[in-house]
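Labels below follow one simple rule: chain letters A, B, ... track the order of the sequence lines, proteins then strands, and each chain is numbered from 1. Being a predicted model, the structure only gives us computed values, none of them experimental.
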2 protein chains.
Amino acid sequence: MHDVAAAAGVSQATVSLVLNSASGSRFSEETRKKVRDAVNRLGYRTNAHAKTLREGVAGMIGFIGDTVATTPFAGAIIEGAQQRAWEDGLLLLTVNTGGDKELEAASLDTMLSYKVAGVVYAGMYHRRLDVPEALTGVRSVVLNSQDRAGRVASVAPDEVKGGYSAARRLLDAGHRRIALINIESLESELPAAVGRYEGYRKALDEAGLELDPDLVRFGTGGEEDGYKYAMELMTSGNPPTAIFCANDRGAWGAYQAVSDLRLSIPGDVSIVGFDNQATLAPFLRPGLTTFELPFVAMGRRAVELILQDAEPDGRVELMDCPLIERNSVTHPKEMP
Amino acid sequence: MHDVAAAAGVSQATVSLVLNSASGSRFSEETRKKVRDAVNRLGYRTNAHAKTLREGVAGMIGFIGDTVATTPFAGAIIEGAQQRAWEDGLLLLTVNTGGDKELEAASLDTMLSYKVAGVVYAGMYHRRLDVPEALTGVRSVVLNSQDRAGRVASVAPDEVKGGYSAARRLLDAGHRRIALINIESLESELPAAVGRYEGYRKALDEAGLELDPDLVRFGTGGEEDGYKYAMELMTSGNPPTAIFCANDRGAWGAYQAVSDLRLSIPGDVSIVGFDNQATLAPFLRPGLTTFELPFVAMGRRAVELILQDAEPDGRVELMDCPLIERNSVTHPKEMP
DNA sequence: TTGATCCAGTTATACGAATAACTGACTAAA
DNA sequence: TTTAGTCAGTTATTCGTATAACTGGATCAA
């Protein structure tokens, strides 16, 4: 900047003031042109560190994830966060800890030494987690999870509404016997499992249907369980006309079971998934109707909470999982 | 740091020298203890910007990708880069441009204003690309792609060797009629397609086998083509005993075709894939024997080239794709 | 004519750390 | 006793930017 000032024949302060044009038309057009020309001629680029040193806060946001980057379907969460940050000219300083608490603490420390404007603390799957202590005093947001202590603002998918909408989609198509192949036993308190189940029950209840325990199964979330339970359900005396699989991998297993039974989807049984797994759901035959986890939107929202003026409180913000309509749902056979 | 110095009753310079302990045992143990105590008491954390301002280079590496973060199987590339960077205490400043050249230029500019130690320029798939001009003068490495101009060092998968190893794996199992379902027509100059094909031919040639053009098909890389070509191949008068699918998605299609034909894998036909797509290959029945793109290793290596003392030259460094053995390969039926 | 106000800049300083160069006290060799 | 050398720190300066406070001249209202 000194060089620019020298080249333009003005003082360093003038260059700074012209470039940041804060003081409106304080300088003559002539002077401003001289400065701009010198800047271009020298290819001057401001030193962000000097600026930060002066201003106290960097144009960067820290992003800490356990394994977000390697979780196939969650990379989008970084994408969303970065997009939103860039809209305000900020960059993302990212770290994947892989769950290593020591690395987490150390890298967080380094981030703070870089005076990041805030920290996004992302979980690879929706759960209740404990936020590292070092985050107190720093503006931060928990992403795709919830702060167990309820102190830090959190952004997570609305699992209940997702489960509700899934069941609702099938009810609206005319189904009355709707099975659920859930992700995991409810004892785990996995919000995805608990929430989607709750939404499913709510939708059935609203439709005046009794919950049939025979139609609800709990697996591990793997496709083997999807296969096993779909097989059981479809070979039982009173099979369902539709299955809501609480994750796409389970749905894949269900597809295989239905195929092995020489039945067709959606002719013999409608299937709704959850997750909209990009490498799976669109490629199944028929394409799987499912719900998308709003990774991009959540990433955006988390950064937005950091950028906003007001200090965010410990609220949990739940975001809608949009329905991705494909071809695995139709009316049940009995329906006219 | 001034506060620490005041609390410890020494000068700021002393604090700095003690903390960086560069000058060995220059200070008495007593003084050093005073300083350490004050640091702990005040929770002092160094200001990275002041340090960078003084030293000229930040402890950060820029990572620019077109869509790496959203490409499901390539998130690992960031993971690898970040791991290696952290081993030297550096953080990654990441940006996904989504192919937007304007965003790319602007964010690169911001990165440079942060005095990054170097820039990793990653492509989402292996291709020849043009490096942005702004990178000249900055230490940089092209990752998962190659600099068309050959000026910037590049790290990419060894496609030829990969194709060779795949064909070799089948030859070693005793196969002599080995089909290839390639990713794309060769006109595209896609290194993955060209290279894997070349390796395939080389292996056949070494084994003294003539290349049968009927056994080589070129598709789009989608599973529909895998299905279509596998169906054609297996229903022809002289079907292959093994198929090398140059990508896992194609292999998936082939699986479906084989299943529809009431044939079994690997009993009736062995299949080898490529990519080791995490959400697919392990979950197929039987598990798909395939080759892994060394994303983590490549990410690590790219950062290593940036960190090493010597300025990297424009060489292309090709990295091995390891064989992931599962259950889709066995001896051909004719073999004893 | 005088004081107030505006104009178009400049000067001086702070941000926080690293380090070259210095200091004053003590020790050891000649 | 002088001189050189070590020890344990301190002083002063640098990095690049933003901005508060200032300056000297012109304009304007009373």
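- Thr52(A) comes within 4.0 angstrom of no nucleic acid atom, judged by non-hydrogen atoms across all strands.
- Distance, Glu30(A) CD to dC7(C) C1': 15 Å, rounded to whole Å.
- When distances are taken from the side chain of Leu17(A) to each of dA18(C), dT19(C), dT19(D), the shortest belongs to dT19(D).
- Arg26(A) has its CZ atom 10 Å from the C1' atom of dA20(D), to the nearest Å.
- Under 4.0 angstrom from either OP1 or OP2 of dG9(C) there lies at least one side-chain N or O belonging to Thr31(A).
- Taking the side chain of Ala50(B) as heavy atoms from C-beta on, and the options dT10(C), dA18(C), dA17(C), the nearest nucleotide is dA17(C).
- Counting all heavy atoms, side chain and backbone alike, Ala156(B) lies closest to Ser145(B) at CB-O, 4.0 Å.
- Five base pairs at each end of the helix from dT1(C)-dA30(D) to dA30(C)-dT1(D) define two local axes, and these are offset by 60° (rounded to 10°).
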Can you tabulate the close N/O pairs, meaning under 3.5 Å, that link protein atoms to atoms of nucleotides 11-14 of chain D?
unit_1, atom_1, unit_2, atom_2, d
dT14(D), O2, Arg54(B), NE, 3.4

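- Within 6.0 Å of CZ on Arg151(B) lie no more than 12 heavy atoms contributed by other residues, nucleotides or ligands.
- Residue Ser28(B) has no polar side-chain atom (N or O) positioned under 4.0 Å from OP1 or OP2 of dC7(D).
- Between Leu53(B) and Val10(B), the one whose closest nucleotide on DNA chain D sits nearer the 5' end is Val10(B).
- Remark: Asp147(B) does not engage Arg315(B) in a salt bridge, criterion side-chain N to carboxylate O under 4.0 Å.
- Taking atom CG of Asn20(A) as the reference point, atom C1' of dG16(D) lies 13 Å away to the nearest angstrom.
- Between the side chains of Thr14(A) and Ser11(A), at least one donor N or O sits under 3.5 Å from an acceptor N or O.
- At a threshold of 4.0 Å, the pair Arg36(A)-Glu29(A) counts as salt-bridged, since one of the basic side-chain nitrogens sits closer than that to a carboxylate oxygen.
- At a threshold of 4.0 angstrom between heavy atoms, the contacts of His49(A) with the nucleic acid are absent.
- In summary, Arg41(A) and Asp37(A) do not engage in a salt bridge, as defined by a charged side-chain N under 4.0 Å from a carboxylate O.
- Checking Thr31(A) against Ser28(A) by side-chain atom types alone, a donor-acceptor pair falls below 3.5 Å.
- Judged by distance alone, the side chains of Thr279(B) and Thr279(A) do bring a donor and an acceptor atom under 3.5 Å apart.
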